[in-house]
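Numbers for residues simply follow the sequence, beginning at 1.
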Amino acid sequence: MDQIPSLHVGGQILMATVAGLLLNLTPCVLPAIPIKVRIILREAGSQRSHRVLAALAFIAGTLAFFLTLGGLTALLQWSWGTLFQSTGFVGALVALLVGFAVITLIDVPIPIPAFAASTYGRRYFEPFLSGLLSAVLAAPCAGPFLGGVLAFAVTQPAPVIMGIFGSIGLGLSFPYAVLMLKPDWLSRLPKAGPWSLAVREVLALVLLAAAVFFTASLVPKAVYPWLWWSWLALVLAWGARRFVQGGCTVRVIATTAAGLALAMTVEFSSPPGSSGNEVVWQPYSAKLLAETKARNTPYLLEFTADWCINCKILERTVYKEAAVADAVRRAEMVPIQVDVTVSNPEKDALLTATGGQALPFAVVVDRNGTVIARFTGLFDTDSLVAAISRTKSP
């Protein structure tokens, strides 16, 4: 009889590893890619023993964060993303991203504290720190399977929680550790030259963009758009310089980067617009939810936060689709948006009570109070419309 729970836990740990692996495919981890690429390229020409130790250091950095997060989850009942509700933590992350951007731009090693240089070796501190920061950047959002894994984890004893969080970290770091061990897989890339310098500079600009994104919860709303426009001005100035000085390949890189930067700035510098044919959210309040339940009205809860990249993507894609707004109207549904950018016991409890452990998260409830569907991570329009349609009276 004892084998059944053990097998179930083993399956969840395997699923956690897969969830961590798939987390690499979500937009939430895009800001970490420049950091990982930097380490991979730095280790490409090293001896095999050095690459092995660098890969282990990178994995150790990732595990250090996830095991700490698992321990806090077990002790304090934290949910996925709780750290990002702290303005101090987000402020430190923004500073780190800016620092990594500058270091990447001028291509110098990360400054190493004296204790690290003397105890563990200067060359392995940077992979460790890169793995740690990559894990931090993956923490705000959920990917495929992660919601179910976390929902299982919080019901388990501390050792199981630690095992599941550690497995997520292993899955997340695995592809990049493999590339460090097998740098010859990158041998098809053209030899370094002006194009590689331009790419390195683009990666630095991506890190700066990530820093700007995470300032949303730190600066006044009136200031936030100007940070994006300032970043765009920097990208355009860089692009103009590279276009004039570079060859054909560099000009393509510069033009593409400038175009994408313009699109990002226009999109993120303003809240999602309203065309009159999309979901019109009502901000959450306990009174609104109570009244909605008392009227036996179906409702859609969307949990979001300023630091959740995947949430913002959904709000600018799926939730803007006319098909979703039409389904909401036909079902006579109340769409309620719950902002958990900062910690709020009432909202945090509601997230847990509705079955959510990570953002993005949405739940569709019919007029009888029955949960029709839960959505964790990124999802498509058709799935949401189908769930909403099931709430209509027969």
Side-chain angles (χ1 to χ4, degrees), residues 13-70 93 96-97 99-101 103-104 107 109-110 112 116 120-146 149 164-189 192 196 199-200 202-207 209-210 309-310 377:
I13 287 177
L14 178 61
M15 189 66 71
T17 306
V18 175
L21 185 65
L22 293 177
L23 200 57
N24 286 294
L25 303 179
T26 66
C28 221
V29 302
L30 289 178
I33 290 178
I35 300 169
K36 297 171 182 177
V37 169
R38 170 188 168 90
I39 295 301
I40 292 169
L41 294 179
R42 278 187 174 275
E43 296 299 328
S46 303
Q47 298 177 10
R48 179 174 178 80
S49 59
H50 290 164
R51 295 200 307 271
V52 169
L53 290 175
L56 290 175
F58 184 88
I59 293 173
T62 305
L63 287 178
F65 174 78
F66 277 105
L67 290 176
T68 300
L69 189 59
L93 176 60
L96 276 173
L97 287 171
F100 259 94
I103 288 170
T104 301
D107 195 28
I110 294 176
I112 306 297
Y120 303 106
R122 175 177 294 271
R123 67 172 296 116
Y124 304 119
F125 183 80
E126 183 169 346
F128 177 87
L129 185 58
S130 298
L132 178 64
L133 185 54
S134 298
V136 171
L137 290 170
C141 302
F145 306 124
L146 189 59
V149 166
I164 287 176
F165 274 75
S167 297
I168 294 170
L170 283 175
L172 180 68
S173 60
F174 178 75
Y176 301 95
V178 169
L179 284 175
M180 286 182 208
L181 295 174
K182 293 287 187 179
D184 51 300
W185 289 0
L186 302 176
S187 60
R188 294 184 179 181
L189 290 175
S196 59
V199 168
R200 192 190 75 214
V202 168
L203 294 177
L205 293 170
V206 169
L207 287 171
I309 297 176
N310 291 351

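- The two residues Pro175 and Gly171 come nearest to each other via the heavy atoms CD-O, 3.5 Å.
- Looking at residues two or more places apart in sequence or on another chain, you find a side chain to side chain contact (heavy atoms under 4.5 Å, CB included) between Ser167 and Ile13, Ala16, Thr17.
- From Phe174, atom CZ reaches atom CG of Leu21 across 7.5 Å, with rounding to the nearest 0.5 Å.
- Formation of a donor-acceptor pair under 3.5 Å by the Thr62 side chain with backbone atoms of Gly131 is found in this model.
- Considering CZ of Phe65 and CG of Leu132, their distance stands at 7.5 Å, rounded to 0.5 Å.
- Here the closest non-hydrogen pair linking Asn24 and Leu172 is ND2-O, 3.1 Å.
- Taking CD1 of Ile168 as the reference point, atom CE of Met15 lies at 12.0 Å (rounded to 0.5 Å).
- In this structure Leu205 satisfies the side chain to side chain contact (heavy atoms under 4.5 Å, CB included) test together with Leu208, Trp231, Leu234, Val235, Trp238, sequence neighbours excluded.
- Between Ser173 atom OG and Phe66 atom CZ the span is 8.5 Å, to the nearest 0.5 Å.
- With sequence neighbours excluded, the residues that form a side chain to side chain contact (heavy atoms under 4.5 Å, CB included) with Ala55 are Ala177, Met180, Leu181.
- In this structure the side chain of Tyr176 never reaches within 4.5 angstrom of the side chain of Ser130, judged on heavy atoms.
- Qualifying side chain to side chain contact (heavy atoms under 4.5 Å, CB included) partners for Phe128, counting only residues two or more places apart in sequence or in other chains: Ala57, Ala60, Ala64.
- The shortest distance between side-chain heavy atoms of Leu96 and Val136 does not fall below 4.5 Å.
- Annotation: side chain of Leu63 is in contact with side chain of Leu170 (closest heavy-atom distance under 4.5 Å).
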